[in-house]
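Note that these values count all heavy atoms, side chains included, but never hydrogens, waters or copies made by symmetry.
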Amino acid sequence: MTELPIWLHDRLVAPHEAAVSVLDHGLTVGDGVFETIKVEHGVPFALTRHLGRLEQSAAALGLPLPPAERIREAAAAVCGQLKDVELARLRITVTGGVGPAGSLRGDGPPTLLVTAARAQRPTGPETAILVPWRRNHRGALTGVKSTSYAENVVALAAARKAGVGEALFANVADELCEGTGTNVFCVLDGVALTPPLESGCLAGITRALVLAWCPEVLERPISLEELTRAQEVFVTSSTRDVHGVSEVDGRRPGGPEAAVPGPVTAKIAAAFATAAAADADPA
């Protein structure tokens with residue numbers, strides 16, 4: 001397979017045939033929501049949870065969605081073409097559709113776009129920096145997985161310029177929040193902690209499953225000082241699962257000789273992998 005399929009509006013189309021209006025609100029003002037889903041040999045993981053979050057994000061923006069059955073049909077059609085692909089990422093995007101210049105939406109239907117791309121499993125631990133910009137944990141887009149991702153683009157570019165793979169944000173209260181595409185966890189005194197949703201972080205699907213499957217993991221605010229003395233740090237996302245971090249701002253969590261992943265991270269990663277293998281669409 002040389003080209004991965006695309007679903008646009010109401011059907012599968014060849015990539016060279018896919019065309020979205022230059023007046024689409026997703027393009028002009030970033031008015032849209034999306035989900036990225038791990039797909040292994042054509043089987044999407046946690047699809048129901050992802051579609052539920054898509055609905056929540058759209059509701060927060062007042063964005064009408066296409067019928068739920070059409071979105072599922074689109075996802076199934078694209079995934080059906082991925083059976084020979086070991087690992088892929090499925091992206092479901094819904095935008096406000098064609099609209100006037102400016103922030104007001106038009107009266108037309110939303111745009112539904114489902115794409116897929118081949119993915120690679122992480123081959124080693126992640127590295128990260130804490131960027132100087134802050135998440136506004138009381139903003140209109142807090143907790144919404146919207147297509148307005150420029151803040152993440154800037155932060156991730158800064159991380160790559162620094163020679164690391166991920167950028168971590170604090171919120172305006174100077175508490176640890178999240179990464180550009182990840183939720184973040186710290187191990188302090190042997191206990192795995194992650195910022196609560198009130199910190200402004202996205203309600204990550206993998207994050208939620210870690211909390212469900214590993215009840216020893218706790219939610220609570222994490223200060224930036226605590227980040228500097230964490231014995232272990234790891235991140236989660238739909239395409240990384242549970243991924244150990246070997247460096248934050250040039251420091252190795254737990255000290256120069258600490259193993260990555262550390263014992264707590266490794267235990268959580270193993271529990272997640274076992275549970276995920278047993279249920280591809282956990283409730």
Side-chain angles (χ1 to χ4, degrees), residues 4-10 12 18 20 24-27 30-40 42-82 85 87-97 109-119 140-153 156 178-183 197 200-212 235-243 272 276 279-283:
L4 295 182
I6 291 173
W7 179 287
L8 181 59
H9 301 309
D10 58 3
L12 284 173
V20 175
D24 192 285
H25 240 214
L27 174 64
D31 178 27
V33 294
F34 76 100
E35 288 291 318
T36 299
I37 302 157
K38 179 175 68 174
V39 180
E40 297 183 280
V43 179
F45 179 68
L47 179 62
T48 298
R49 281 179 174 256
H50 279 283
L51 294 181
R53 188 172 64 178
L54 187 76
E55 291 181 2
Q56 292 169 2
S57 294
L61 294 185
L63 176 67
L65 287 179
E69 59 271 19
R70 178 177 298 172
I71 298 175
R72 280 193 173 269
E73 177 190 5
V78 175
C79 287
Q81 305 294 312
L82 302 176
V85 179
L87 182 66
R89 61 179 67 204
L90 183 79
R91 174 164 167 144
I92 301 173
T93 304
V94 179
T95 79
T111 296
L112 172 61
L113 174 65
V114 181
T115 59
R118 290 177 176 81
L141 295 184
T142 300
V144 176
K145 197 168 180 67
S146 83
T147 56
S148 300
Y149 243 49
E151 191 173 65
N152 289 333
V153 171
L156 191 56
E178 63 181 346
T180 64
T182 60
N183 289 106
L197 297 183
C201 68
L202 184 72
I205 302 300
T206 305
R207 173 190 181 278
L209 291 174
V210 165
L211 291 170
V235 294
T236 61
S237 76
S238 294
T239 54
R240 301 173 188 239
D241 297 337
V242 177
H243 191 187
F272 181 89
D279 188 357
D281 198 13

- Drop me the distance from Leu54's CG to Phe34's CZ, to the nearest 0.5 angstrom. 10.0 Å

- Note on the structure: Between Thr236 and Val210 the two heavy atoms that sit nearest each other are CG2-CG2, 4.3 Å

- Query: Which heavy atom of Ile71 sits nearest a heavy atom of Pro66, and at what distance?
  - Reply: CD1-O, 3.9 Å

- List the atom of His50, the atom of Ser238, and the distance in Å for their closest heavy-atom pair. CE1-OG, 3.1 Å

- Ser148 to Gly30 - nearest heavy-atom pair and separation: OG-O, 3.0 Å

- Item | Polar side-chain atom of Asn183 near backbone of Cys201 as donor-acceptor pair, under 3.5 Å | no

- Message: Can you give me the closest heavy-atom contact between Val85 and Arg118, atom names plus distance?
- Response: CG1-CG, 4.0 Å

- Taking atom CG of Leu51 and atom CZ of Arg72, what is their separation to the nearest 0.5 Å? 5.0 Å

- Message: Holding to side chain to side chain donor-acceptor pair (under 3.5 Å), I want the full list of residues that pass it with Thr93, two or more places apart in sequence or in another chain.
- Response: Arg91

- Show the numbers, then the answer: is there a side chain to side chain contact (heavy atoms under 4.5 Å, CB included) between Thr115 and Leu4? CA-CA 8 Å; Thr115 59; Leu4 295 182; over 6 Å; no

- With sequence neighbours left out, which residue pairs that include part of residues 42-63 fulfil the salt bridge (charged side-chain N to carboxylate O under 4.0 Å, His left out) condition? Glu35-Arg53

- Message: Could you report the tightest heavy-atom contact between Gly181 and Ser237, atom names first, then the distance?
- Response: O-CB, 3.3 Å

- Message: My understanding is that only one of Leu90, Val39, Leu209 makes a side-chain contact (heavy atoms from CB on, under 4.5 Å) with Phe45; could you say which?
- Response: Leu209

- Hey, are the side chains of Val94 and Pro64 touching, using non-hydrogen atoms and a 4.5 Å cut-off? no

- Task: Would you please test Leu202 and Arg207 for side chain to side chain contact (heavy atoms under 4.5 Å, CB included) and show each step?
- Result: CA-CA 9 Å; Leu202 184 72; Arg207 173 190 181 278; over 6 Å; no

- Task: Identify which one of Val78, Thr36, Leu112, Leu113 satisfies the side-chain contact (heavy atoms from CB on, under 4.5 Å) criterion when paired with Ile92.
- Result: Leu112

- Item | side chain to side chain contact (heavy atoms under 4.5 Å, CB included) evaluation trace for Ile37 with Arg89 | CA-CA 6 Å; Ile37 302 157; Arg89 61 179 67 204; over 6 Å; no

- Query: For Val33, which of Leu61, Thr147, Thr95 qualifies under side-chain contact (heavy atoms from CB on, under 4.5 Å)?
  - Reply: Leu61

- Find the distance between OG (Ser146) and CG (Leu63) and round it off to the nearest 0.5 Å. 10.5 Å

- If you round to the nearest 0.5 Å, how far is CD of Gln81 from CH2 of Trp7? 11.0 Å

- Item | Thr180 side, atom OG1; Glu151 side, atom CD - distance, nearest 0.5 Å | 10.5 Å

- Task: Output the distance between atom OG1 (Thr206) and atom NE2 (His243), rounded to the nearest 0.5 Å.
- Result: 13.0 Å

